[in-house]
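Provided herewith is a single structure, encoded as C-alpha cells, for subsequent inquiry.
One-based numbering along the sequence shown. Note that ligands are numbered from 1 as they come in the structure, with each ligand's atoms numbered from 1 the same way.
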Amino acid sequence: MNLVIDSANVEAIKNLNEFLPIDGVTTNPSIIVKEKGDFLPLLKEIRNIIGEEKELFVQTISKKAEEIVEEARYICTTITGSILVKVPVTLEGIKAIKMLQEEGIRTLATTVYTPMSALMAAKAGAEYVAPYVNRIDNLTGNGTQVVSDIVDIFSSQNLPCKVLAASFKNVQQIQDVFLSGAHGVTAPPDLMKEIFHHPSVERDVEKFREEWLNQYGVGSNSLMSTK
Ligand code: E4P
C-alpha cells in the first residue's frame, strides 16, 4: 500500500514525513507553481527531506512523445534517487510511456478519467496510473467506481500496474478507494491530517488523562513520573 503526499510545500512535507508512514511525494505543474520558486531547487529540497529511496513523482509538460521523453531523461539525470515520471494519458503520452519503458525510465500515467485510458497506459508499461477521483466526481461521474473498475481490469488481465488514486477533497473518498482495491493514494497534507480530527478520540484522550491526574496528582503527567 502506498501513502503519498500530493504537495511541493517543503514545510508540509517535512512535517508529514516525520509523523506519518509516507512512501513518497507527487507533484504536478500546478502544485509546483503554487510554491512560487525555481522548480529544480525545490525538487532537490524535497528529495533531501524524503531521502533517496522514497518515490518522487515529477510531471512532464511537453505534448509530443519525443519531447516528453527528453524531459523525462532530464529529470532522471538531474534529480537523484527514486524518480517516477508522470505522463498524461494522451495518445502522445502513451507513446512516450512505451518509449520510456524501453529505456528503463519508470512512469506514472496521470490525468486518468476512464478505465480504458488506464488499461492502455498499463499495457504501454506504466508502473502506476493515477485516476482523478474528485475531478471525476465533479463531472458527476463516480471516481470510486472508476478506481474499482481499473483494479478489476488490471487483475483480470494480469497487469502489474498499480493504482495510485489521486485528486481527493475529503477523507471519505480516500477510504472508498481503498475499499475499492486501490494500491495507494496521493493526497494533500491538510487532508491527511484531517484523518485524525475525530472529536471522540480527542475527548477520550482528555478523559483518560484527567482521571489519571486526579488519582495520582498533577505531577504524574507520564507513566515514569507516576508514583
Ligand atoms: C496527482 O497526481 C494529481 O495531479 C492531483 O492529485 C490532482 O489533484 P486535484 O484534482 O486536487 O488538483
Could you establish whether K86 and ligand 1 come within less than 4.0 Å of each other, counting only heavy atoms on the residue side?
-> yes

Rounded to the nearest 0.5 angstrom, the CD1-CG distance for I150 and L119 is 9.5 Å

Salt bridge check: are E211 and K207 linked by an N-O gap of less than 4.0 Å?
-> yes

Pairing of R203 and E206 as salt bridge, 4.0 angstrom limit = no

Checking heavy atoms under 4.0 Å, the part of Q59 that sits near ligand 1 is neither

The one among D6, V4, I31 that brings a heavy atom closest to atom 5 (C) of ligand 1 | D6

With distance as the sole criterion, is a donor-acceptor pair present between the side chains of N138 and K169 under 3.5 Å?
-> no

Any N or O of T110 closer than 3.5 Å to N or O of ligand 1 = no

Could you verify whether a donor N or O on one side chain and an acceptor N or O on the other, from T110 and Y128, lie under 3.5 Å apart?
-> no

Looking only at N/O atoms, are T26 and ligand 1 under 3.5 Å apart anywhere?
-> no

Near R135, which atoms of ligand 1 are under 4.0 Å from a heavy atom of that residue?
-> 7 (C), 9 (P), 10 (O), 12 (O)

Tell me which part of F57 gets within contact of ligand 1: side chain, backbone, both or neither, using heavy atoms under 4.0 Å.
-> neither

Cluster link V146 to L179, ILVMFWY, side chain under 4.5 Å | no

Pair K63 + E92: basic N to acidic O under 4.0 Å = no

Among P29, P131, A130, S167, which residue places a heavy atom closest to atom 8 (O) of ligand 1?
-> S167

Atom 4 (O) of ligand 1 sits nearest the protein heavy atom N28 ND2, 2.7 Å

For atom 11 (O) of ligand 1, what is the nearest protein heavy atom, given as residue, atom name and distance?
-> K169 NZ, 2.8 Å

